[in-house]
Amino acid sequence: MSSTELQELLRQAIESAKSGDKARARGLLIEVTEADPNNEVAWMWRASVSLTPKDAAWCLTRALNINPANRQAQEWLDKIRQLQDQPPAVTKPLVPPSPELLSRPGSTGAHQVTPSPDSPTVSDLPSFSAPPSVSPDRPPSPTPPRAATTVQAMPAVTSPRPVPPPVRPLPEKTGEMEKVEPSLRPEPPPGAKVILAVDDSLTVRRVITQALESHGYRVITAADGYEALAKLKDTTPDLVILDVALPGGMDGYQLCKQIRAEKSRRGIPVIMLSSRESFLDKVQSRLAGAAQYLPKPFKTEDLLLGVRRHLKQ
């Protein structure tokens with residue numbers, strides 16, 4: 001893809017993000033960053049339209065690897081970490097730094113970015129918000145003294161405090177789901193087909209799990225490629241449902257190739273999910289070894305039909 005075509009894709013992505021069409025913006029920005037991994041502006045915009053803080057932090061890290069002097073990326077990354085560590089509070093907008101940040105020469109070894117007059121810049125990005133700082137040394141407000149009163153002594157009456165129910169710890173990994181109460185999830189029949197669903201969206205994993213388990217399949221899930229490979233060491237699924245855009249540096253195409261590289265897993269059918277519907281993406285999924293390409297958003301009926309067809313049921 002030529003630099004002119006990449007610049008046009010980036011322009012369309014930024015326009016989509018500004019107009020509120022974040023799904024289209026994400027798809028275009030993923031395409032730009034895959035074709036040009038050193039495009040700092042694209043990584044910044046991809047962070048701004050990410051679905052999860054984890055994915056946004058990963059995109060900002062990629063931008064900092066390209067340009068360690070990018071103060072805006074560092075500030076956003078710090079705010080994301082701060083928001084994850086603190087309880088919700090009244091927020092105030094974080095004003096992004098000036099657009100000269102990316103064009104100003106940085107320290108030795110920093111990546112230099114000199115955008116053209118018509119090129120999109122990071123200054124147009126939407127700002128994150130963070131809780132206002134609270135000074136720990138601020139003295140508490142004085143309490144006005146109450147007027148002294150005389151009361152007759154009476155026997156103290158105490159009532160037992162209600163014992164709160166035990167707090168159940170949250171699951172450490174969202175890739176397990178999803179740890180719903182076993183009594184609320186249908187029990188798969190003996191010999192049920194096992195399906196591995198890999199998607200960074202917890203909502204999508206839940207939709208897939210509920211749709212397939214209600215039809216007698218057993219579903220295991222993973223949130224990224226590395227977690228999926230760990231699950232494959234313990235279980236050999238009958239089919240894999242795989243999202244193209246995964247966080248952490250391993251996308252769906254790369255994961256599909258790794259699944260195919262193992263001789264014992266070459267016969268496992270893979271259904272690829274993607275928010276992009278270009279002919280090139282479909283060809284790329286076929287070259288990676290996928291049996292089917294299903295665009296997002298998908299209907300559960302279409303997903304079930306594909307699963308049954310590839311499992312020859």
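- Residues Asp78 and Gln74 bring a donor and an acceptor atom of their side chains to less than 3.5 Å of each other.
- A heavy-atom distance below 4.5 Å is not found between the side chains of Asp281 and Val244.
- The minimum heavy-atom distance linking Ser275 with Gly27 is given by the pair OG-CA, 4.3 Å.
- When the side chain to side chain contact (heavy atoms under 4.5 Å, CB included) test is applied to Asn39, the partners found at least two apart in sequence or on another chain are Leu10, Val32, Asp36, Val41, Ala42.
- Here the straight-line distance linking atom CZ of Arg71 with atom CG of Leu64 works out to 12.5 Å at 0.5 Å rounding.
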Donor-acceptor pairs under 3.5 angstrom involving side-chain atoms of residues 257-265: please list them, not counting sequence neighbours.
from   : atom 1 : to     : atom 2 : distance (Å)
Arg260 : NE     : Gly289 : O      : 3.1
Arg260 : NH1    : Arg266 : O      : 3.3
Arg260 : NH1    : Ile268 : O      : 2.7
Arg260 : NH2    : Ile268 : O      : 2.8
Arg260 : NH2    : Gly289 : O      : 2.9

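- Contacts of Ser201 classified as side chain to side chain contact (heavy atoms under 4.5 Å, CB included), with partners at least two apart in sequence or in another chain: Asp199, Thr203, Val204.
- Applying the salt bridge (Lys or Arg N to Asp or Glu O under 4.0 Å) definition to pairs two or more places apart or across chains, those involving residues 216-225 are Lys54-Asp224.
- When side chains are defined from C-beta on, Val198 does not count as touching Asp243, because their heavy atoms never get closer than 4.5 Å.
- The minimum heavy-atom distance between Ala197 and Val219, with the atom names listed, is CB-CG1, 4.4 Å.
- Here Glu15 does not pair with Lys18 in a salt bridge; the nearest charged N to carboxylate O distance is not below 4.0 Å.
- The two atoms that bring Leu232 and Pro237 nearest to each other are CD2-CD, 3.5 Å, heavy atoms only.
- Taking the side chain as every heavy atom from C-beta outward, Tyr253 and Met272 approach each other to under 4.5 Å.
- With contacts defined as side-chain heavy-atom distances shorter than 4.5 Å, the pair Val207/Leu303 does not qualify.
- Counting only heavy atoms from C-beta outward, the side chains of Tyr217 and Arg308 approach each other to under 4.5 Å.
- Nearest heavy atom pair, residue Cys256 against residue Ala288, reads SG-O, 3.4 Å.
- When side chains are defined from C-beta on, Cys59 counts as touching Ser50, because their heavy atoms get closer than 4.5 Å.
- Summarising the geometry, atom CD belonging to Gln292 is positioned 5.0 Å from atom CD1 belonging to Ile271; distances are rounded to the nearest 0.5 Å.
- Heavy atoms of other residues, nucleotides or ligands lying less than 6.0 angstrom from NZ of Lys22 number 12 at most.
- The shortest distance between side-chain heavy atoms of Leu239 and Ile241 falls below 4.5 Å.
- Under the rule for a side chain to side chain contact (heavy atoms under 4.5 Å, CB included), the partners of Asp302 that lie at least two apart in sequence or sit in another chain are Leu294, Lys299.
- For Gln254, the side chain to side chain contact (heavy atoms under 4.5 Å, CB included) criterion is met by Met250, Asp251, not counting sequence neighbours.
- A donor-acceptor pair is defined here as one N or O able to donate and one able to accept, closer than 3.5 Å; such a pair exists between the side chain of Trp43 and the backbone of Pro37.
- With hydrogens and angles ignored, the 3.5 Å screen pairs a side-chain donor or acceptor of Lys231 with a backbone N or O of Thr221.
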So Leu242 and Leu255, side-chain contact (heavy atoms from CB on, under 4.5 Å) or not? Walk me through it. CA-CA 9 Å; Leu242 178 57; Leu255 177 57; 3.3 Å; yes

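- Between Pro269 and Asp238 the shortest heavy-atom distance is CD-O, 3.2 Å.
- In this structure, Arg46 contributes its side chain and Ile30 its backbone to no donor-acceptor pair below 3.5 Å.
- At least one side-chain heavy atom of Arg26 sits less than 4.5 Å from a side-chain heavy atom of Leu51.
- Nearest heavy atoms, Ala192 versus Gly216: CB-O, 3.3 Å.
- A distance of 11.0 Å separates CG of Leu29 from CD of Gln12, quoted to the nearest 0.5 Å.
- Between the side chain of Arg24 and the backbone N or O of Ala13, no donor-acceptor pair lies under 3.5 Å.
- Atom NZ in Lys233 sits 7.5 Å away from atom CG in Leu229 (nearest 0.5 Å).
- Rounding to the nearest 0.5 angstrom, the gap separating the CD atom in Glu31 from the CG atom in Leu9 is 5.0 Å.
- For the atom pair CG of Leu28 and CG of Leu6, the computed distance is 11.5 Å after rounding to the nearest 0.5 Å.
- Two different hydrophobic clusters hold Val270 and Leu305 under the rule that ILVMFWY side chains link at heavy-atom gaps under 4.5 Å.
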